[in-house]
2 protein chains.
Amino acid sequence: MAQIQLKEALDSLKDTGVRITPQRHAILEYLINSMTHPTADDIYKALEGKFPNMSVATVYNNLRVFREVGLVKELTYGDSSSRFDFVTTHHYHVICESCDKIVDFHYPGLDEVEQLAAHVTGFKVSHHRMEIYGTCPECTNKGTH
Amino acid sequence: MAQIQLKEALDSLKDTGVRITPQRHAILEYLINSMTHPTADDIYKALEGKFPNMSVATVYNNLRVFREVGLVKELTYGDSSSRFDFVTTHHYHVICESCDKIVDFHYPGLDEVEQLAAHVTGFKVSHHRMEIYGTCPECTNKGTH
DNA sequence: TCTTATATTGTAATATTTATAATTAGTTTA
DNA sequence: TAAACTAATTATAAATATTACAATATAAGA
């Protein structure tokens with residue numbers, strides 16, 4: 001499964017004329033296998049062993065490339081640095097305000113909202129983002145003990 | 001209208017035991033009257049004339065206080081600094097990807113989505129955020145000329 | 001008015017992200 | 001396969017946003 005995703009991602013890079021370097025390969029692989037939603041620094045640190053000379057700029061550059069190609073989504077919350085999510089199927093994120101855990105949440109989508117917004121504002125709507133905030137079960141339990 | 005909002009905001013500060021300083025008064029007033037969604041620096045610059053000695057830290061401190069009290073919402077997009085929005089009625093934002101204009105968009109809310117997310121993930125859901133992205137009519141027209 | 005806790009100021013520090021120039025290395029074509 | 005071309009990486013510096021801290025000033029209640 002992960003192998004297929006990686007292969008498709010690499011193909012999609014090739015189609016767009018983006019060169020496939022070992023660093024890009026590794027970053028993509030890490031993003032696909034990562035169950036968390038890492039920051040640029042997380043990725044940098046995780047690949048330090050494999051690429052001792054890799055620059056942090058390379059991570060940022062390639063995350064931007066991946067985002068432009070549509071392979072990766074950038075998640076921005078107020079407090080700290082951006083997080084990055086390999087784009088698979090359409091899903092939203094539920095975020096714990098206590099421990100910052102991010103859980104995927106599949107939902108049919110909000111096409112009607114986009115359509116209404118387009119109608120009301122006159123915008124050509126391209127996409128939307130939504131996140132849901134709350135407290136995860138673990139933190140809820142911790143709080144009551 | 002704006003006067004009433006300001007008065008209510010100041011009352012709400014008083015109730016919470018937050019001191020009302022001239023700087024806080026001015027920041028709130030600016031946020032309420034502002035049709036845009038200013039950054040901390042926008043606010044700082046706008047009040048420079050009135051408060052030549054005000055520190056940028058004061059702006060940040062007070063925006064955090066206002067957010068904690070629930071008077072102000074912090075909007076974080078990837079690229080640059082946070083933007084701040086005085087909380088009035090429930091509305092979403094439609095953002096132009098070409099000129100960064102932000103337009104308010106009133107919508108009944110997405111309670112069902114919150115409920116489903118709570119059910120599926122086991123979270124205690126507190127709130128959500130959503131933004132819609134696209135191209136505003138002005139930029140669309142500019143593009144076709 | 002006096003007191004006290006809180007807010008502001010000014011500055012420095014931190015953190016994140018981007019810019020730049022030199023070097024390195026994919027990819028294409030012969 | 002080798003050469004050439006272009007894009008990517010590295011290393012570093014800079015830009016930007018935000019927070020921390022200590023000293024001073026001030027809002028609000030007694």
Side-chain angles (χ1 to χ4, degrees), chain A residues 9-30 37-69 71-84 100, chain B residues 9-30 37-69 71-84 100:
Chain A
L10 293 174
D11 285 349
S12 137
L13 284 185
K14 200 177 275 177
D15 291 348
T16 335
V18 175
R19 288 185 185 169
I20 293 158
T21 65
Q23 292 89 337
R24 286 185 175 158
H25 193 285
I27 294 172
L28 272 180
E29 195 172 29
Y30 180 78
H37 303 73
T39 63
D41 198 57
D42 291 337
I43 298 169
Y44 177 64
K45 288 215 172 61
L47 301 180
E48 222 167 22
K50 219 173 183 176
F51 298 89
N53 294 324
M54 185 168 65
S55 167
V56 69
T58 299
V59 177
Y60 277 102
N61 287 340
N62 288 331
L63 288 172
R64 194 192 49 236
V65 169
F66 297 157
R67 190 192 43 186
E68 285 166 359
V69 173
L71 286 175
V72 159
K73 209 162 46 170
E74 182 174 358
L75 317 169
T76 61
Y77 312 121
D79 310 25
S80 60
S81 33
S82 287
R83 297 175 163 278
F84 295 88
D100 289 331
Chain B
L10 293 173
D11 285 349
S12 137
L13 285 185
K14 199 176 278 180
D15 291 348
T16 335
V18 174
R19 288 186 185 167
I20 295 158
T21 65
Q23 292 89 339
R24 286 184 176 160
H25 193 284
I27 293 172
L28 273 180
E29 195 172 27
Y30 180 76
H37 302 73
T39 64
D41 197 57
D42 290 337
I43 299 169
Y44 177 65
K45 287 214 172 64
L47 301 180
E48 222 168 20
K50 220 173 180 176
F51 298 90
N53 294 325
M54 185 167 66
S55 167
V56 69
T58 298
V59 177
Y60 277 102
N61 287 339
N62 289 330
L63 287 171
R64 194 190 51 234
V65 169
F66 296 157
R67 190 193 43 186
E68 285 166 359
V69 174
L71 285 176
V72 160
K73 209 161 46 170
E74 182 174 357
L75 317 169
T76 61
Y77 313 120
D79 310 23
S80 61
S81 34
S82 288
R83 297 176 164 276
F84 295 88
D100 290 330

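Since this is a predicted model, take the numbers as computed values, not measurements. As a basis for the values below, the full set of heavy atoms in this structure was taken, side chains included, without hydrogen atoms, waters or symmetry mates. We name chains A, B, ... by the order of the sequence lines, and we start the count at 1 in each one.
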Peer 1: Could you tell me whether B:Thr58 contacts a base, only the sugar-phosphate backbone, or nothing, with contacts defined as non-hydrogen atoms closer than 4.0 Å?
Peer 2: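 Base contact - B:Thr58 has a heavy atom under 4.0 Å of at least one base atom.
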
Peer 1: As a test of reading the structure: which of C:dA7, D:dA11, D:dA17 is closest to the side chain of B:Ser81, going by heavy atoms?
Peer 2: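 Shortest atom-to-atom distance from the side chain points to D:dA17.
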
Peer 1: Could you tell me whether B:Asn62 contacts a base, only the sugar-phosphate backbone, or nothing, with contacts defined as non-hydrogen atoms closer than 4.0 Å?
Peer 2: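 Sugar-phosphate contact only.
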
Peer 1: For B:Thr16 and B:Val18, indicate whether the former's side chain and the latter's backbone hold a donor-acceptor pair under 3.5 Å.
Peer 2: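 Checking the backbone N and O of B:Val18 against the side chain of B:Thr16, no donor-acceptor pair under 3.5 Å is found.
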
Peer 1: Write down the distance between CE (B:Met54) and C1' (D:dA25), rounded to a whole number of angstrom.
Peer 2: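 Value for this atom pair: 16 Å.
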
Peer 1: Looking at B:Thr21, I'd like to know whether one of its side-chain N or O atoms comes within less than 4.0 Å of OP1 or OP2 on C:dT6.
Peer 2: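 B:Thr21 to C:dT6 OP1/OP2: no side-chain N or O under 4.0 Å.
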
Peer 1: Could you pick out which residue, A:Val18 or A:Ala40, lies toward the 5' side of DNA chain C when each is mapped onto its nearest nucleotide?
Peer 2: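 Its nearest nucleotide being more 5', the pick is A:Ala40.
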
Peer 1: Figure out the OH/C1' separation between A:Tyr60 and D:dA14, and round it to whole Å.
Peer 2: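 Checked: the OH to C1' distance equals 15 Å.
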
Peer 1: Looking at B:Leu75, is its backbone amide N or carbonyl O close enough to the side chain of B:Arg83 to form a donor-acceptor pair, meaning the two atoms are under 3.5 Å apart?
Peer 2: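 Checked: no pair found.
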
Peer 1: Between the side chain of B:Asp15 and the main-chain N/O of B:Ser12, is any donor-acceptor distance below 3.5 Å?
Peer 2: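 No: the side chain of B:Asp15 does not pair with the backbone of B:Ser12.
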
Peer 1: Between B:Thr58 and B:Asn61, is any side-chain donor less than 3.5 angstrom from a side-chain acceptor?
Peer 2: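 Note: B:Thr58 and B:Asn61 side chains miss the donor-acceptor criterion.
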
Peer 1: At under 4.0 Å, does any side-chain N or O of A:Gln23 touch on OP1 or OP2 of C:dA25?
Peer 2: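 No, no such contact exists.
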
Peer 1: Would you say A:Thr76's side chain and B:Thr76's backbone share a donor-acceptor pair under 3.5 angstrom?
Peer 2: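 Judged by distance alone, yes, a pair lies under 3.5 Å.
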
Peer 1: Whole-Å distance between C:dT18 P and A:Glu68 CD?
Peer 2: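 Interatomic distance, CD of A:Glu68 to P of C:dT18: 11 Å.
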
Peer 1: A:Ala57 or B:Pro22: which one's nearest nucleotide on DNA chain D is closer to the 5' end?
Peer 2: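 The 5'-side residue here is A:Ala57.
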
Peer 1: Provide, to the nearest angstrom, the distance between the CG atom belonging to A:Asp42 and the P atom belonging to C:dT16.
Peer 2: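 Taking atom P of C:dT16 as the reference, CG of A:Asp42 is at 10 Å.
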
Peer 1: Given atom CZ of A:Phe51 and atom P of D:dA8, what is their separation to the nearest angstrom?
Peer 2: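 After rounding, the reported distance stands at 16 Å.
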
Peer 1: Counting side-chain heavy atoms from C-beta on, which of C:dT9, D:dA28, D:dA7 comes nearest to B:Arg19?
Peer 2: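 The answer is D:dA28, which lies nearest to the side chain.
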
Peer 1: So, OP1 or OP2 of D:dT18: does either fall under 4.0 Å of a side-chain N or O from B:Ser82?
Peer 2: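 Yes, because at least one side-chain N or O of B:Ser82 sits under 4.0 Å from OP1 or OP2 of D:dT18.
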
Peer 1: Quick one: A:Lys14 NZ to C:dT28 P, roughly how many Å, whole number?
Peer 2: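 About 8 Å, once rounded to whole Å.
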
Peer 1: Counting heavy atoms from C-beta on, name the nucleotide in C:dT16, C:dT8, C:dA5 closest to the side chain of B:Asn61.
Peer 2: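 Given the options C:dT16, C:dT8, C:dA5, the side chain of B:Asn61 is closest to C:dT8.
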
Peer 1: Atom CZ of B:Arg24 and atom C1' of D:dT26: how far apart are they, to the nearest Å?
Peer 2: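 Distance check: B:Arg24 CZ to D:dT26 C1' gives 12 Å.
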
Peer 1: Specify the residue among B:Asp41 and B:Ile20 whose closest nucleotide of DNA chain D lies further upstream toward the 5′ end.
Peer 2: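 So the residue in question is B:Asp41.
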
Peer 1: Can you tell me the distance, in whole Å, between the NZ atom of A:Lys50 and the P atom of D:dT9?
Peer 2: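 It is 15 Å, rounded to the nearest whole Å.
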
